[in-house]
Amino acid sequence: MPFQPLTQEPEIQRRWLESGAFRAQRSGELLPGAKTFYMLVMLPYPSGRIHMGHVRNYTLGDVTARFRRMKGYAVMHPIGWDSFGLPAENAAIKHGIHPAIWTRANIEEMKGQIQKMGISYDWDREIASFQDDYYRWNQWLFLKMWERGDVFRAMRTVNWCEELGTVLANEQVVDGKDERTGFPVTQKPLEQYFFKTTKYADELLDCLDGLDWPENVKTMQRYWIGRSEGARLAFDLELGGQVEVFTTRLDTLFGVTFMALSTEHPVIEKAAETDSALKAFCDQVAAVSREERLTSDIKLGHRTALSVLHPFTGEKVPVFAANYVLMDYGTGAVMGVPAHDERDHEFAEKYGLPIPQVIDSASEWDLGTLVNSGEFTGMKSEDAVTAMVAQLGERAGKTTTYKLKDWGLSRQRYWGTPIPTVHCGSCGVVPEKAENLPVRLPEDVAFTGVGPSPLKTSASFLDTPCPSCGRPARRETDTMDTFVDSSWYWLRYLDPRNTELPFAKAESDAWMPVDLYVGGIEHATMHLIYARYFYKVLRDLGLASGPEPFQKLICQGMVLKDGSKMSKSKGNIVDPDEVISRYGADALRLFMIFAAPIEKEIDWTGFEGIEGASRFLKRLTRMVEDHAHSAAQLPSRDQLSTEEKTLLIKLNQTIARLTDDLERRYQFNTVVSGLMELSNALGDLPADAPHRGAVLQYALDAFVRMMSPVAPHLAEQLWSQLGQQGLCMQATWPEADPAFLEADEVLVVVQVNGKVRGRVTVPASATEAQRREAALACPEAQVHLTGKEIVKVVLPPGGKLVSIVVKG
RNA sequence: GCGGAUAUGGCGGAAUUGGUAGACGCGCUAGCUUCAGGUGCUAGUGUUCACAAGACGUGGGGGUUCGAGUCCCUCUAUCCGCACCA
């Protein structure tokens with residue numbers, strides 16, 4: 001049968017689905033001691049069409065899943081849909097269709113495309129977050145977290161559009177205006193729900209060390225969490241009250257010449273009530289847009305009428321409002337030490353403040369020995385901190401701060417999980433009862449794009465009795481951030497139809513942690529921090545075991561077109577469907593794996609690469625077609641011709657190498673090049689080799705099994721042609737035969753003074769002394785040895801090299 | 001500015017523990033087959049001088065070593081992340 005992927009692939013896909021070969025076992029079906037492998041890809045958003053990034057991601061996961069199945073693992077390889085969120089709601093506004101209809105249609109479309117790629121997902125475990133049998137468990141978990149005190153309510157500013165009467169996401173706001181309508185957007189404080197992620201800050205940071213993740217992702221998370229050890233210190237205001245600061249350099253306390261407070265600091269806000277110049281300064285700072293603040297680092301300050309008293313000297317220290325102090329880090333107040341902090345230095349120079357040196361060290365910003373610091377003079381920085389904390393008593397203490405913030409999960413949107421709380425006139429904010437879940441999204445809403453969240457207009461949704469006192473009350477109309485949906489979905493895959501719990505612990509214990517998680521680098525912080533946070537909460541709720549959900553993480557590189565990201569607006573999208581309909585899924589898969597190491601970008605400059613992949617598959621098909629099926633037994637090693645032995649050695653070395661690449665190294669592009677090398681070796685077998693039929697049959701059998709994870713459709717076809725029954729994907733992965741890993745003769749490279757001068761062949765059994773002798777006798781080397789004194793001869797382990805050192 | 005990474009032919013890349021640099025593929029060149037080719041096959045393809053042997057060669061410079069793409073120091077360039085974090 002020739003290479004006809006367009007007709008063959010759908011046929012083979014049907015056989016797979018009918019055979020149930022993609023199905024993952026329930027925990028009860030696993031034999032004791034069974035090896036499991038959980039292969040996870042990041043939950044896709046059903047935007048409408050599959051793009052090349054998906055193809056790369058899913059192919060990689062599929063290669064791993066198929067390899068592990070053949071290696072005898074029970075494999076979990078699921079897929080689902082991150083199907084709440086803004087685009088569906090925008091589509092509803094634009095086209096006047098319900099977000100659910102738009103979402104369902106997109107899922108159908110994309111599912112069909114994924115199936116055309118031959119990805120081995122267990123479709124029985126498919127989940128979609130917009131369905132109430134998924135989001136009810138978001139609500140259930142929210143209630144559990146509420147009980148434990150992991151949820152709280154607080155004010156936070158949002159992007160508010162007065163004309164639309166709605167809240168906008170950051171990406172919807174461009175130049176301070178709604179990107180769709182151009183209406184102005186302002187900042188407005190709103191009471192919202194938060195998860196207490198900071199409670200786990202230390203654990204989230206410390207557990208990173210044990211994870212097999214890319215170093216850059218771990219670094220990004222460390223920075224994001226931003227743990228900083230230091231001390232807090234309360235200064236007395238001259239006119240009563242205190243200002244607390246956080247500092248990593250308490251040892252520089254005697255160098256304080258000013259206090260810098262954020263313009264949003266309560267002390268400044270209060271002072272501004274009676275100080276119009278200060279008020280004007282604060283307004284001026286507030287008027288600068290976010291982007292401008294980020295790009296400009298000009299320090300501005302305004303001296304207030306206030307002063308604090310130095311806790312040791314009692315001297316008056318002036319208080320400034322300053323634009324470079326952030327209200328949401330530390331305490332929103334900084335003790336200004338211009339001699340030993342770069343920013344404070346710049347500020348002090350600008351406003352003419354004294355810059356007294358109090359530390360003696362190599363560089364002005366380093367730790368060292370204290371000078372001009374009263375009774376602490378002469379102490380080392382580290383000791384001074386301890387001594388000062390002890391002296392300062394109640395007003396100071398060692399402490400730690402984090403950049404990580406609590407996770408604000410409220411969204412003033414329709415298309416998300418309703419937050420299951422109720423506002424009661426007498427009881428306040430009350431959680432819904434678990435037995436009343438799910439709190440479903442109502443259908444009686446209109447999507448106008450104007451006015452408050454559609455939930456606020458639905459009487460059927462709003463009116464509800466108070467779960468606590470039973471009197472009429474109103475439902476919460478905020479919905480959850482969609483990151484909640486993606487923070488535990490991989491556990492729902494393990495038990496997707498459970499109606500009692502989000503998932504049974506037996507299932508999670510059987511499969512967790514995820515062995516390999518593959519996705520885009522864009523999720524390095526948000527998703528991968530939230531997911532880790534949730535897992536720790538689930539563990540503490542007794543629902544899951546183990547500290548971390550994802551043992552190994554791979555972030556695949558992007559697929560570019562001529563050096564830039566493929567996007568609709570640039571019109572440079574290469575549609576996977578188009579490629580599949582020209583070359584077949586196998587050729588596309590092969591190219592995606594081969595083109596570059598997985599973490600690097602692939603630039604899709606043209607179709608040459610995929611032509612090459614297709615050519616390789618055609619050549620293989622011909623090779624199998626030309627090979628007359630042979631039932632002959634493979635002869636023993638000493639009966640084989642040299643060429644036959646060479647081929648079988650290449651075969652077994654390839655088995656060993658590819659197994660290692662897939663199992664330990666997670667290096668995929670070399671798997672394809674290994675297959676190509678082996679196919680070249682197959683082609684080199686002479687037509688008149690004495691045992692050609694038996695040797696080829698043996699080698700092709702192993703070859704087809706090894707190509708099966710990458711090009712599974714053609715592998716099935718060739719597998720049948722080789723006379724094998726059953727599915728190739730269910731065959732076992734070949735084992736390297738130790739009898740064929742070494743050749744009879746081995747090449748020894750001869751170096752003289754580090755330069756390669758010759759090569760000699762010796763029997764594989766040759767001793768060190770024999771190798772040494774053969775090398776010294778090598779004529780090419782002799783030229784460089786005559787008339788020189790041999791200083792030493794080095795024979796490194798492995799026996800493949802002899803290095804001769806000469807003098808003169 | 002801070003942090004992380006990367007640098008190998010015309011291109012994508014390989015070299016797993018310090019041991020033959022350039023596997024494999026793309027592209028290119030020549031020939032054959034077919035000549036309707038966006039087909040198939042064979043040979044060649046780091047640079048340079050070439051009959052050969054050789055010399056040079058993994059961003060630049062230095063070092064360790066019998067031996068360095070790989071380890072150390074230093075410089076340069078590119079990419080990514082963060083962005084006044086007290």
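Each chain gets a letter, A, B and so on, in the order its sequence line appears, and its residues count up from 1. Predicted model only: the values in this text are computed from it and were never measured.
Between B:rU20, B:rC66, B:rA86, one nucleotide has an atom nearer to the side chain of A:Arg759 than all others, and that is B:rU20. For A:Glu677, taking side-chain heavy atoms from C-beta onward, the closest of the listed nucleotides B:rC24, B:rU20, B:rG38 is B:rC24. Relative to the side chain of A:Pro796, the nucleotides B:rA23, B:rC84, B:rG19 differ in distance, and B:rG19 lies closest. Looking at the side chain of A:Arg757, the nearest of the listed nucleotides B:rA86, B:rG38, B:rA55 is B:rA55. In the set B:rG25, B:rC41, B:rG4, the nucleotide with an atom closest to the side chain of A:Arg622 is B:rC41. The side chain of A:Thr670 has B:rA14 as its nearest neighbour among B:rA14, B:rA5, B:rG25. Of the listed nucleotides (B:rA86, B:rG38, B:rG25), B:rG25 has the atom at the smallest distance from the side chain of A:Phe594. In this structure, of B:rG25, B:rG38, B:rA86, it is B:rG38 that holds the atom nearest to the side chain of A:Glu611. Of the candidate nucleotides B:rA21, B:rC84, B:rU16, B:rA21 has the atom lying nearest to any side-chain atom of A:Val756. The side chain of A:Ser673 lies closest to B:rA23, out of B:rG38, B:rG12, B:rA23.
Contact annotation for A:Ser803: base contact, defined as any heavy-atom pair under 4.0 Å involving a base atom. Here A:Asp341 lies out of heavy-atom contact (under 4.0 Å) with every strand. Nucleic acid contact class of A:Arg657 (heavy atoms, under 4.0 Å, all strands): base. Heavy atoms of A:Arg619 sit under 4.0 angstrom from primed sugar atoms or phosphate atoms, though from no base atom. As judged by a 4.0 angstrom heavy-atom cut-off over every strand, A:Lys618 is placed among residues making no nucleic acid contact. Within 4.0 Å of A:Pro214, counting heavy atoms only, lies no atom of the nucleic acid at all. At the heavy-atom level, A:Gly609 lies nowhere under 4.0 Å from the strands shown. Among the atoms of the strands shown, only primed sugar atoms or phosphate atoms (P, OP1, OP2) are found under 4.0 Å from some heavy atom of A:Asn669. No contact: A:Leu675 has no heavy atom under 4.0 Å from any strand.
For B:rA15, one of the phosphate oxygens OP1 or OP2 lies less than 4.0 angstrom from a side-chain nitrogen or oxygen of A:Gln667. Residue A:Asn680 has a polar side-chain atom (N or O) positioned under 4.0 Å from OP1 or OP2 of B:rG25. Between B:rA86 and A:Tyr329, a contact under 4.0 Å exists linking OP1 or OP2 to a side-chain N or O. For A:Arg665 and B:rA15, the shortest distance from a side-chain N or O to OP1 or OP2 is below 4.0 Å. Close to B:rC66, at under 4.0 Å from its OP1 or OP2, lies a side-chain N or O of A:Lys792. Note on A:Lys755: a side-chain N or O is less than 4.0 Å away from OP1 or OP2 of B:rC56.
As rounded to the nearest Å, B:rG44 and B:rA68 have P atoms that lie 30 Å from one another. Comparing the P positions of B:rG59 and B:rG3 gives a spacing of 24 Å, expressed to the nearest Å. Rounded to whole Å, the P atom of B:rG19 lies 29 Å from the corresponding atom of B:rC26. Here, B:rG69 and B:rU16 have their C1' atoms 14 Å apart, quoted to the whole Å. Taking atom C1' on both nucleotides, B:rA21 is separated from B:rU8 by 8 Å, rounded to a whole Å. Across the C1' atoms, B:rC41 and B:rC35 are found 15 Å apart, a figure rounded to whole Å. Rounded to whole Å, the P atom of B:rA86 lies 22 Å from the corresponding atom of B:rG81.
For B:rG38, there is no paired base (Watson-Crick or G-U wobble, both distances below 3.5 Å). Remark: B:rC24 base-pairs with B:rG12; criterion is Watson-Crick or G-U wobble with both hydrogen-bond distances under 3.5 Å. With a cut-off of 3.5 Å on both Watson-Crick or G-U wobble distances, the partner of B:rC84 is given as none. Pairing for B:rA43 is with B:rU29, a Watson-Crick or G-U wobble pair whose two hydrogen-bonding atom distances lie under 3.5 Å. With both pairing distances under 3.5 Å, B:rA68 is matched to nothing as a Watson-Crick or G-U wobble pair.
The number of heavy atoms from other shown groups lying within 6.0 Å of CD (A:Glu742) does not exceed 12. The environment of A:Glu773 atom CD is sparse: at most 12 non-hydrogen atoms of other residues, nucleotides or ligands sit within 6.0 angstrom.
In this structure, A:Lys299 satisfies the cation-pi test against A:Tyr324, with its NZ or CZ atom closer than 6.0 Å to the six-membered ring centre and inside 45 degrees of the ring normal. For A:Lys403 and A:Tyr329, the positive end is not near the middle of the six-membered ring at less than 6.0 Å and at most 45° from its axis.
The aromatic rings of A:Phe67 and A:Trp733 lie perpendicular to each other, with more than 60° between the two planes, well past the 30° mark. Ring geometry for A:Trp604 versus A:Phe607: interplanar angle over 60°, hence perpendicular rather than tilted (30 to 60°). Between A:His527 and A:His523, the ring planes are perpendicular. Angles over 60° get that label, and only those under 30° would be called parallel.
More than 90° away from 0 lies the glycosidic angle of B:rG81, which makes this nucleotide anti.
Taking 3.5 Å as the limit, the base of B:rC84 and the side chain of A:Lys299 contain a donor-acceptor pair of atoms between them. Residue-to-nucleotide contacts include a donor-acceptor pair under 3.5 Å from the side chain of A:Gln751 to the base of B:rG19.
In this structure, A:Glu780 places its CD atom 13 Å from P of B:rA55, rounding to the nearest Å.
The nearest heavy atom of RNA chain B to A:Ser228 and to A:Tyr223 marks one nucleotide each, and the one closer to the 5' end goes with A:Tyr223.
With respect to the salt-bridge test (charged N to carboxylate O, under 4.0 angstrom), the residues A:Arg757 and A:Glu780 do not qualify. Note on A:Glu215 versus A:Arg222: salt bridge recorded, some NZ/NE/NH1/NH2 to OD/OE distance being below 4.0 Å.
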